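Quick notes on the structure that follows.
FYI, side chains are in, hydrogens and waters are out, and symmetry mates aren't considered; it's all heavy atoms of this structure. In this text, all values refer to a predicted model and were calculated from it rather than measured experimentally. Numbering of ligands and ligand atoms starts at 1, following listing order.
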Amino acid sequence: TEPLLTATALRKTFGPTIALDDAEFAIAPGEVVAIMGPSGSGKSTLLHCLAGIVKPDAGSVTYAGAELSSMSDTARSQLRRSEFGFVFQFGQLVPELTCRENVALPLRMNGWKGKAANAKADEWLERLGVGDTMAKRPGRISGGQGQRVAVARALVTEPKVLFADEPTGALDSLHGEQVMTLLTDAARSSRAAVVLVTHEARVAAYSDREVVVRDGKTRSMEPVL
Ligand code: ADP
Ligand code: ADP
């Protein structure tokens, strides 16, 4: 399969810190790739560059054959909204909105009408086993439920690439495993590529392949079969 998203010779510095040093990455549709490495090694910076959130100093990121740096800011935002989904460690649900409204939000941003967006949101909440949170605000549900709602929100637009940065970092191991199973099953069934940042081997175990980052340099590991 042709890669969907690739990065070549990425370099990014923050003042004296070299966050990425000739980093390479490629992912195909339907693949789950774990970006592993110690804290501060450059994992999040790599994810941010791949998602077009951070602009590398050198090197290129290509999505479906198009170079991200050659797009306008508007085109890049549009791409993120329509083709990418995001799950982070915490703090991602809007506290003033119900869980249904939180999940419907990315659809509304893509032009969906309220009723259709809400119905789709409810479908995804049910699918992730948190249908009972629809009318509740995030503050009224548990951390594990909140992370499932966040996964529903990331997948509701049926993104081509799902970016997950330590998606289970705030959960205990049981809830973490449930979220990883739901996330990878849902992504695989829709052929989404999953870029998963984690420092935990048991989270990376859900991936097809690992890329290890150390001092901003990437190293591809052979897939474990
Ligand atoms: P990881 O995700 O592996 O923990 P990061 O990509 O967050 O690593 O960070 C890599 C290095 O770059 C670290 O030394 C970090 O402190 C630094 N860094 C990341 N983002 C910034 C930033 N916005 N400003 C300054 N330094 C940063
Ligand atoms: P993670 O836990 O995923 O490694 P961090 O806590 O390192 O994430 O970073 C969170 C955000 O802060 C990111 O957007 C990153 O770019 C930024 N950041 C990281 N390190 C620094 C830093 N030393 N100075 C400023 N911003 C930073």
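When Gly40, Ser44, Cys49, Gly15 are checked for heavy-atom proximity to atom 4 (O) of ligand 1, Gly40 turns out nearest.
Shown in contact with Ser39 at under 4.0 Å from a heavy atom are these atoms of ligand 1, numbered in order with element: 4 (O). If you number the atoms of ligand 1 from 1 as listed, the ones under 4.0 Å from a heavy atom of Thr45 come out as 5 (P), 6 (O), 9 (O), 19 (C). When each atom of ligand 1 is checked for a heavy atom of Pro38 under 4.0 Å away, the hits are 3 (O).
Between the Gln78 side chain and the Thr74 main chain, no donor and acceptor come within less than 3.5 Å of each other.
In terms of N/O distances under 3.5 Å, ligand 1 is approached by Lys43. Looking at Gly42 next to ligand 1, an N or O pair under 3.5 Å apart turns up.
A continuous path of hydrophobic side-chain contacts links Trp124 to Ile141 [ILVMFWY only; heavy atoms under 4.5 Å].
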For residues 96-111, run the donor-acceptor check on the side chains, cut-off 3.5 Å, and write out each pair with its distance to 0.1 Å, sequence neighbours left out.
from	atom 1	to	atom 2	distance (Å)
Thr98	OG1	Glu101	N	3.1
Thr98	OG1	Glu101	OE1	3.4
Arg100	NE	Asp122	OD1	2.8
Arg100	NE	Asp122	OD2	3.1
Arg100	NH2	Asp122	OD2	3.1
Glu101	OE1	Thr98	N	2.9
Asn102	OD1	Val94	N	2.7
Asn102	OD1	Arg153	NH1	3.4
Asn102	ND2	Val94	O	3.0
Asn102	ND2	Leu97	O	3.3
Asn102	ND2	Thr98	O	3.1
Arg108	NE	Trp112	O	3.0
Asn110	ND2	Arg81	O	3.1
Asn110	ND2	Pro106	O	3.0

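Scanning for ring-ring contact (aromatic ring centres under 6.0 Å, His included) contacts around Tyr206 gives an empty result, with sequence neighbours left out.
Look at Arg76 and Asp73 and you find a salt bridge, because one of the NZ, NE, NH1 or NH2 atoms lies within 4.0 Å of a carboxylate O, short of that distance.
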